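Presented below is the structure to which this report refers.
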Protein chains: 2
Amino acid sequence: MSGMSRRRITSKELAKLAGVSSATISRAFSPDSRIGSATRDRILAVAREHGYQPNAIARSLNNQRSRLVALVVNAIGNPCEAEEQQLLVHRLQARQLLPIILCCADHSDRLQLMRLASTYQVDHVVVFSDMVSMQDAVDIFHTTKPIIVSFEPLDNENVSSIRIDGAEAADEIIGKIVRDGKKRFAYLSGTNSSWIDKLRRKWFADALTKRGLAFEAQAFGDYSYDSGFKEAVLLLHRDKVDAIICGNDVMAIGARDAARRVLGKNTPDDIAIVGQDGIAMAAWDCNDLTTLSLDHVAFIDAVVELIERHDAEIEGPHSITLTCTARWGSTA
Amino acid sequence: MSGMSRRRITSKELAKLAGVSSATISRAFSPDSRIGSATRDRILAVAREHGYQPNAIARSLNNQRSRLVALVVNAIGNPCEAEEQQLLVHRLQARQLLPIILCCADHSDRLQLMRLASTYQVDHVVVFSDMVSMQDAVDIFHTTKPIIVSFEPLDNENVSSIRIDGAEAADEIIGKIVRDGKKRFAYLSGTNSSWIDKLRRKWFADALTKRGLAFEAQAFGDYSYDSGFKEAVLLLHRDKVDAIICGNDVMAIGARDAARRVLGKNTPDDIAIVGQDGIAMAAWDCNDLTTLSLDHVAFIDAVVELIERHDAEIEGPHSITLTCTARWGSTA
DNA sequence: ATACATTGTGCACACGATTACACAAACGGT
DNA sequence: ACCGTTTGTGTAATCGTGTGCACAATGTAT
């Protein structure tokens with residue numbers, strides 16, 4: 001019965017059963033290799049009968065290719081990242097690549113976690129998290145020559161990056177808010193100070209400068225709803241701002257709730273709130289967020305393209321630039 | 001410089017550099033093995049200098065233990081699952097286990113995906129998805145004798161399961177809604193018909209029966225906000241129900257939005273809406289959902305306990321039962 | 001001083017596949 | 001009939017570690 005858990009059968013054992021050598025077994029499972037079609041069919045039949053599948057660990061050792069991909073992320077629980085992760089996992093699976101998730105926000109020593117993954121000879125590394133520096137990632141993974149895809153550009157032959165440009169869309173959004181009469185702006189960061197956070201803040205800061213304004217206050221959260229809620233209370237109460245630009249959509253929802261619940265202020269009349277990322281949840285009827293949106297499909301397309309270039313052994317690092325767009329809701 | 005991508009150094013090469021045999025290198029990295037402490041220190045120093053780390057793929061092949069864990073999930077983008085996934089990934093990482101995510105909702109042939117993962121000799125398999133049958137999972141993974149943890153119990157020596165009991169909490173919730181005067185109930189499933197979906201529906205159906213009532217209508221979504229929204233419109237408009245029990249919290253939020261936006265009906269006065277799972281987002285101020293809640297920490301504690309029992313080679317399948325609680329919000 | 005237990009290290013094989021090379025058989029062209 | 005090419009298969013080495021066994025060196029007890 002299928003309930004019994006027999007030991008996994010090996011290629012050599014199957015060879016004996018099929019009356020061939022183990023080399024022939026291997027060839028039966030390699031699409032284009034010299035083998036008689038009758039032999040192959042017979043082997044595949046016997047293999048199916050005995051539940052044989054080639055051992056991917058042994059194959060990886062020989063091949064020097066594991067078909068594993070390390071995904072370095074902040075968290076999987078946060079919808080602002082999960083949407084992209086989901087798309088990428090989908091695309092990887094379609095290519096028979098298996099993703100290993102490294103969750104930074106959880107792990108006290110992120111470098112140790114990356115070192116662990118690097119011992120598994122991952123073929124590629126995709127860094128979504130802004131909690132690890134690219135230099136650290138390169139130092140740890142450089143030995144396996146994987147591609148490293150991320151926001152933060154780094155001058156290294158193994159690092160390809162995806163640049164995003166939201167300057168124009170940020171300008172558009174700030175323009176609208178200023179026209180609506182808002183005067184005191186705050187920026188609510190998602191991290192203490194990462195490269196991508198600084199970049200995004202600069203888009204909005206430049207748009208303000210252009211209009212003779214500047215951020216009156218700045219706060220730091222952790223990309224979570226709770227931190228958005230908590231910091232927004234402070235910004236609204238202590239700093240009396242009337243517009244908050246948030247580091248992601250989830251914090252923006254938290255800030256909106258804080259304004260409504262704690263201060264009794266509503267968007268967009270009393271206060272303007274802007275998110276970033278443009279996740280599906282931001283468009284839900286109950287949220288209807290104004291947000292600096294990135295096309296997630298295009299983003300993952302770019303990631304996959306970089307991975308494929310690397311697979312095809314096209315030399316050198318590459319960079320792809322994507323532009324954000326303003327997505328209008330009722331919060332600004 | 002660290003920018004250069006040298007080939008990864010092997011144990012034999014390091015042995016030559018340190019003037020020992022490769023066996024001694026291996027021993028230097030195995031915590032309790034007979035080796036002179038002076039030798040070990042010297043080797044570790046040379047290893048650090050040359051960036052050597054033992055190859056986990058080769059080690060797995062030799063050990064017959066990969067330290068990989070397959071996580072079979074519906075989706076990672078859906079907050080209703082992501083919260084538990086996040087917790088589990090955290091706990092696995094703390095044990096130096098690496099999770100491989102298999103995303104069912106994405107993949108057309110889920111069985112093929114599981115077969116692929118099984119070739120990587122994963123040590124454990126955790127099935128969260130209700131889109132694959134346990135029997136299929138067992139048939140595919142039985143050769144590696146991993147534990148399979150999931151809701152759906154199965155009489156198999158390799159399958160341990162976590163049973164959840166929400167009957168009492170469902171009764172409590174239905175009681176409240178009936179007292180509030182609601183009369184026409186609908187159940188909005190998350191899948192066409194999975195084991196766990198049927199179980200959950202039964203909790204509520206029993207509570208209704210006890211009060212001389214029954215579900216007037218049933219609809220099927222896909223655990224997403226959009227499907228919750230769409231199906232709720234139908235249920236409210238066509239079937240004139242005034243209470244909807246949803247298969248998860250995200251669909252409940254969608255249903256609540258549909259009621260408010262399309263029908264102009266508000267919770268809890270015009271209509272009662274109940275979610276399931278009890279994710280953090282359900283408690284956000286903008287949602288404030290009444291939901292049949294499962295303690296996620298306790299749930300993952302149970303999963304980890306089952307995994308540890310299996311690691312310790314304690315024989316036979318195990319089962320742990322958890323009870324759900326009612327979490328009250330303003331939607332019912 | 002002798003017998004014996006302990007410690008540290010090397011040798012060689014195993015883990016399960018892939019693949020360069022060798023070789024026999026079959027085949028086609030002149 | 002002969003030579004060259006193609007096809008199919010087996011042999012053996014390889015990928016990088018872990019570990020049982022052997023053996024030398026050191027320590028301990030009588």
Side-chain angles (χ1 to χ4, degrees), chain A residues 6-44 46-47 50-68 116 118-123 143-145, chain B residues 6-44 46-47 50-68 116 118-123 143-145:
Chain A
R6 292 180 303 273
R7 193 175 50 76
R8 186 174 288 268
I9 211 175
T10 91
S11 120
K12 208 165 294 183
E13 295 170 308
L14 188 70
K16 199 157 294 176
L17 290 168
V20 294
S21 82
S22 77
T24 306
I25 300 293
S26 171
R27 283 189 267 256
F29 283 88
S30 304
D32 26 43
S33 62
R34 299 197 326 204
I35 184 179
S37 57
T39 317
R40 162 172 285 151
D41 292 346
R42 182 163 46 91
I43 289 178
L44 291 183
V46 182
H50 292 269
Y52 170 82
Q53 294 254 127
N55 182 324
I57 296 289
R59 168 185 287 167
S60 301
L61 179 59
N62 185 292
N63 276 352
Q64 312 278 63
R65 296 186 85 237
S66 63
R67 303 196 72 78
L68 296 173
L116 175 60
S118 86
T119 65
Y120 280 80
Q121 322 294 323
V122 292
D123 287 348
T143 46
T144 50
K145 204 179 176 71
Chain B
R6 291 179 303 273
R7 194 176 49 76
R8 187 173 287 269
I9 211 175
T10 90
S11 121
K12 207 165 293 182
E13 294 170 308
L14 188 69
K16 198 157 295 177
L17 291 169
V20 293
S21 82
S22 78
T24 305
I25 300 291
S26 171
R27 282 189 266 257
F29 283 89
S30 304
D32 27 41
S33 61
R34 299 199 325 206
I35 185 178
S37 57
T39 318
R40 162 172 283 151
D41 292 346
R42 183 162 48 89
I43 288 178
L44 291 183
V46 182
H50 292 268
Y52 171 82
Q53 294 254 126
N55 182 326
I57 296 289
R59 168 185 288 167
S60 302
L61 178 59
N62 186 296
N63 276 352
Q64 311 279 64
R65 296 186 85 236
S66 64
R67 304 196 71 78
L68 295 174
L116 175 60
S118 85
T119 65
Y120 280 81
Q121 321 294 323
V122 292
D123 287 347
T143 45
T144 49
K145 205 179 176 70

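A quick note: this is a predicted structure, and the numbers were derived from the prediction, not measured. As a basis for the values below, the full set of heavy atoms in this structure was taken, side chains included, without hydrogen atoms, waters or symmetry mates. The chains referred to below are lettered A, B, ... by the order of the sequence lines, with proteins before strands, and numbering in each begins at 1.
Among all heavy-atom pairs drawn from L44(A) and A28(A), the shortest one is CD2-O, 4.2 Å. Of all heavy-atom pairs spanning I25(B) and S11(B), the tightest one is CG1-O, 3.7 Å.
Counting to the nearest Å, the P atom of dT9(D) and the CZ atom of R40(A) are 10 Å from each other. The distance from atom CZ of R65(B) to atom P of dA14(C) is 23 Å, rounded to the nearest whole Å. Going from atom CD1 of I57(B) over to atom P of dG16(D) covers 12 Å, rounded to whole Å. Here the P atom of nucleotide dG8(C) and the CZ atom of R42(B) are 13 Å apart, to the nearest Å. One atom, CD of E13(A), and another, P of dA17(C), lie 9 Å apart when rounded to the nearest Å. Atom pair Q53(B):CD and dT17(D):P shows a separation of 11 Å (rounding to whole Å applied). The CG atom of L61(A) sits 6 Å away from the C1' atom of dG16(D) (whole-angstrom rounding). One atom, NZ of K12(B), and another, P of dC13(C), lie 12 Å apart when rounded to the nearest Å.
Without hydrogens or angle criteria, S66(A) side chain to Q121(A) main chain gives a donor-acceptor distance under 3.5 Å. Of the possible donor and acceptor atoms, none in the side chain of R40(B) sits under 3.5 Å from a partner among the backbone N and O of I35(B). Proximity of a side-chain donor or acceptor of S33(A) to a complementary backbone N or O of R27(A) within less than 3.5 Å is detected.
Taking only side-chain nitrogens and oxygens, T24(A) comes nearer than 4.0 Å to OP1 or OP2 of dG10(D). Between dG16(D) and Q64(A), a contact under 4.0 Å exists linking OP1 or OP2 to a side-chain N or O.
The side chain of R27(B) lies closest to dT19(D) when the candidates are dG10(D), dT19(D), dT7(D). Taking the side chain of T39(B) as heavy atoms from C-beta on, and the options dG16(C), dG8(D), dG8(C), the nearest nucleotide is dG8(C). Nearest nucleotide to the side chain of P54(A), out of dG16(D), dA17(C), dT19(C): dA17(C). Counting only heavy atoms from C-beta on, A23(B) has its side chain closest to dG10(C) among dT7(D), dT11(D), dG10(C). Distances from the side chain of R34(A) to the nucleotides dA14(C), dT9(C), dT7(D) place dT7(D) closest. In the set dT18(C), dA22(D), dG16(D), dG16(D) carries the atom at the smallest distance from any side-chain atom of T10(B).
Side-chain atoms of N62(A) come within donor-acceptor range of the base of dT14(D), with a qualifying N/O pair under 3.5 Å.
When heavy atoms are screened at a 4.0 angstrom cut-off, R59(B) is found touching the sugar-phosphate backbone but no base atom. In this structure, Y52(B) reaches the sugar-phosphate backbone alone: every heavy-atom distance under 4.0 Å involves primed, P, OP1 or OP2 atoms, never a base. No engagement by S33(A) is indicated, since no non-hydrogen atom pair under 4.0 Å with the nucleic acid exists.
The residue among S22(A) and S37(A) whose nearest nucleotide of DNA chain D lies closer to the 5′ end is S37(A). Residue order along DNA chain C, read from the 5' end via each residue's closest nucleotide, puts G36(B) first among G36(B) and A58(B).
By the 4.5 Å heavy-atom criterion applied to side chains, V20(B) and R42(B) are counted as neighbours. Residues T119(A) and R59(B) have side chains not in contact (no heavy-atom distance under 4.5 Å, counting atoms from C-beta outward).
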For DNA chain D, the expected dot-bracket line (Watson-Crick or G-U under 3.5 Å, [ ] crossing, | inter-strand) is ||||||||||||||||||||||||||||||

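Y120(B) and Y120(A) have their aromatic ring centers separated by at least 6.0 angstrom.
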